[in-house]
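Working notes, beginning with the structure itself.
In listed order, ligands and their atoms are each counted from 1. Atoms considered below: every heavy atom in the structure, side chains included; atoms not considered: hydrogens, waters and symmetry mates. Count residues from 1 along the sequence.
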Amino acid sequence: MRKAILFTNIIILIVAIIVCTAIWPIYGFSILGLAVFGLGIYDITQTKHAITRNFPVIGHMRYLLEMIGPEIHQYFIEDDTDGKPIDRNRRTYVYQRAKLERSTHPFGTELNVEADNYKWMKHSIYPSKLQHEQPRVLVGGPECSQPYSSSIFNISAMSYGSLSKNAIMALNLGAKAGDFSHNTGEGAISDYHKHGGDLVWEIGTGYFGCRTEEGEFSPENFKKNAVLPEVKMIEIKISQGAKPGHGGVLPASKNTEEIAKIRGVKPHTEVLSPPGHSAFKDAEGLLKFVKQLRELSGGKPVGFKLCVGRKEEFRDICEQMLITGIQPDFITVDGAEGGTGAAPIDFSNYVGMPWEEALIFVVDTLNGYRLKDHITIITATKIFTAFDIFKALCIGADVCNSARGMMLALGCIQALKCDTNKCPTGVASNDPAFMRGLVVAEKWERVKNYQAETLKEFAELFAAAGCVSLRELDRNLINKRIIDDVKTYEEWYPTIDSGVYFKEKMPA
Ligand SMILES: Cc1cc2nc3c(=O)[nH]c(=O)nc-3n(C[C@H](O)[C@H](O)[C@H](O)COP(=O)(O)O)c2cc1C
Ligand code: SF4
């Protein structure tokens, strides 16, 4: 705030001086001198900022440069393969597909194909016929009476509140037009989610949209939303990669009448999402909760999302699946490098298992316990391109989701201000002044285009690999270089045979 006021004042002063200097040069220079002198006196005498106290006037340059640093870096310094968390190449990839612009790349790759961690797929001398229909995956095990035919590329969880209402509407309209699903995020189902797109309703520890006044799970309130025809699947959020094990706070100031009504809380009060669920305390409780939600929803697919922390806890869940006979219909795997609207930096940087290890671990563990057959593995985390989808499916996922890719399609420029309510593109701000920039009628089509064009390119990769069925995608199809050693994923991370953990001890 202080920086914004300072910046505005400086601009006004500069304009005033330029105008005065142009009309009456003597007065203009006098005003300039007086302004600089006044600012200098103020800087020396103020006590809050050491830099301007010690370096009057010029010390302000630091604040100015700090304020526009990310933009300077992005526009003037950043290379095509630079840019964090999403490099320019990938951002451009999304923009081009969203706008149906040129999707070819001139003159060859810019990537260092000899670099450590470089990955590439194996194509075939005998490519298969290009398939024009988007592949779909049926989600729902034997206990599910309303299985959902899912696209293999969907919108990952992002709540109304972390995204603007315009963004939510555009995402939902895009999902409807492209026949893919839109995950509500844990902030409940709002009217902005109801534009005809298929919904995956996510339930977090705050039980928004299905809670009692005290914040416990309410079966009655759950049922009212779960049976809505647009709700196709229900996801229990155990954790998300960017902040696993961390709850959230909805401050009283952001808890408007509208948000309170959507989330089922009292307006203008502080609302806590605790770090853990109150509806269950152990693996058996989680599975019983899955069963309860499935029954209350009338047999819709129910699963859970997690970022892997302690491996033994996930194995415990698998063992309880065998003991209780209750299985989730899907498991969503998020990586530690996943996105968020806002999270404490230590949680983002140092908590949770990175995506690739996590996906491999979950796929292998389910296989080891012979549980993979009826459980769909959904995954998100930095899946932007057709190759990212191809690789995830080869590792063992069935369905991919994207959060930040869809934000880029909406016009996000990676200004990294999502937690300030001052998102310059209106994607992550509910301030009407910023939100007006995101015109729903323009942007829903970009979401649809990005998803469809990416899957079109996936179909081309799939054909180049010589595959005719998704079942043929496996770890043999991708190579990975680690230092100077090149092996397939199958060689680096051998697939676990189905049921092997009944005979052998599982690895630590
Ligand atoms: C703005 C924003 C809000 C998010 N909100 C949620 C949420 O409510 N629930 C959740 O499970 N994940 C949430 N996520 C995480 C994403 O759903 C996703 O798992 C993660 O960002 C990895 O995907 P990506 O790399 O495509 O962004 C959010 C991510 C972003 C960027
Ligand atoms: S443009 Fe908006 S949504 Fe994108 S990173 Fe910046 S603040 Fe966040």
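- Looking at S156 next to ligand 1, an N or O pair under 3.5 Å apart turns up.
- Among protein heavy atoms, atom 21 (O) of ligand 1 sits closest to G339 N, 2.7 Å.
- A salt bridge between D191 and K165 is absent, with no side-chain N of the basic residue lying under 4.0 Å from a carboxylate O of the acidic one.
- Atoms of ligand 1 found under 4.0 Å from any heavy atom of S162, numbered from 1 in the order shown, are 3 (C).
- By the criterion of a heavy-atom distance under 4.0 Å, both the backbone and the side chain of E186 are placed next to ligand 1.
- A donor-acceptor pair under 3.5 Å is formed between the side chain of T379 and the backbone N or O of V333.
- Heavy atoms of C418 stay at 4.0 angstrom or farther from ligand 1.
- At least one donor-acceptor pair closer than 3.5 Å links the side chain of N154 to the backbone N or O of S181.
- Ranking the protein heavy atoms by distance from atom 2 (Fe) of ligand 2 puts C423 SG, 2.2 Å first.
- Under a 4.0 Å criterion applied to the non-hydrogen atoms of A380, ligand 1 contributes the atoms 19 (O), 23 (O).
- For a threshold of 3.5 Å applied to N or O pairs, the pair formed by A157 and ligand 1 contains at least one separation below that value.
- At least one heavy atom of S159 sits less than 4.0 Å from an atom of ligand 1.
- Contact detail for Y160 and I259: the closest heavy-atom pair is CE2-CD1, 3.9 Å.
- Using cut-offs of 30° and 60° on the angle between ring planes, the pair H193 and H182 is tilted.
- Within ligand 2, counting atoms from 1 as listed, the ones closer than 4.0 Å to a heavy atom of M407 are 3 (S).
- In this structure, G241 has no heavy atom closer than 4.0 Å to ligand 1.
- The single protein non-hydrogen atom nearest to atom 26 (O) of ligand 1 is A403 N, 2.8 Å, given as residue, atom name and distance.
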CA sep, side-chain torsions, deciding dist, call: N112, Y118, side chain to side chain donor-acceptor pair (under 3.5 Å)
CA-CA 8 Å; N112 178 1; Y118 177 70; over 6 Å; no

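- Among all non-hydrogen protein atoms, the one lying nearest atom 4 (Fe) of ligand 2 is C412 SG, 2.3 Å.
- Within the structure, the closest approach of E337 to ligand 1 does not fall below 4.0 Å when heavy atoms are considered.
- Counting protein heavy atoms only, atom 31 (C) of ligand 1 is closest to T340 N, 3.5 Å.
- Looking only at heavy atoms of the protein, atom 6 (Fe) of ligand 2 is closest to A415 N, 2.9 Å.
- Heavy atoms of R404 found under 4.0 angstrom from ligand 1 belong to the backbone as well as the side chain.
- The closest side-chain donor-acceptor pair between Q451 and K448, if any, does not fall under 3.5 angstrom.
- Under 3.5 Å, the side chains of N183 and E235 contain a donor-acceptor pair of N or O atoms.
- Distance check for C418 against atom 8 (Fe) of ligand 2: an N/O/S atom falls below 2.8 Å.
- Nearest non-hydrogen protein atom to atom 5 (S) of ligand 2 is L416 N, 3.3 Å.
- Only one option out of E445, E453, E457 pairs with R97 in a salt bridge (Lys or Arg N to Asp or Glu O under 4.0 Å); it is E457.
- The distance criterion of under 3.5 Å between nitrogen or oxygen atoms is met by E202 with respect to ligand 1.
- There is a side-chain donor-acceptor pair under 3.5 Å between T381 and D334.
- A donor-acceptor pair shorter than 3.5 Å cannot be found between the side chains of N89 and T92.
- Heavy atoms of D334 found under 4.0 angstrom from ligand 1 belong exclusively to the side chain.
- Looking at G341 next to ligand 1, no N or O pair under 3.5 Å apart turns up.
- Given atom 25 (O) of ligand 1, the protein heavy atom at minimum distance is K382 N, 2.6 Å.
- Within a 6.0 Å radius of CD in E312, other residues, nucleotides and ligands contribute more than 12 heavy atoms.
- Heavy atoms of other residues, nucleotides or ligands lying less than 6.0 angstrom from CD of E442 number 12 at most.
- In terms of heavy-atom proximity, S156 sits nearest to A380 at OG-CB, 3.7 Å.
- Scanning the protein for heavy atoms near atom 23 (O) of ligand 1, the closest one is T381 N, 3.4 Å.
- Close approach to A428 involves these atoms of ligand 2, each under 4.0 Å from a residue heavy atom: 3 (S).
- Heavy atoms from both the backbone and the side chain of K417 come within less than 4.0 Å of ligand 2.
- At a 3.5 angstrom cut-off on N or O pairs, K305 counts as close to ligand 1.
- Between K372 and D398 there is a salt bridge, since at least one side-chain N of the basic residue sits less than 4.0 Å from a carboxylate O of the acidic one.
- For S402, heavy-atom contacts with ligand 1 shorter than 4.0 Å involve the backbone as well as the side chain.
- Salt bridge absent: K300 and D329 never bring a charged side-chain N and a carboxylate O closer than 4.0 Å.
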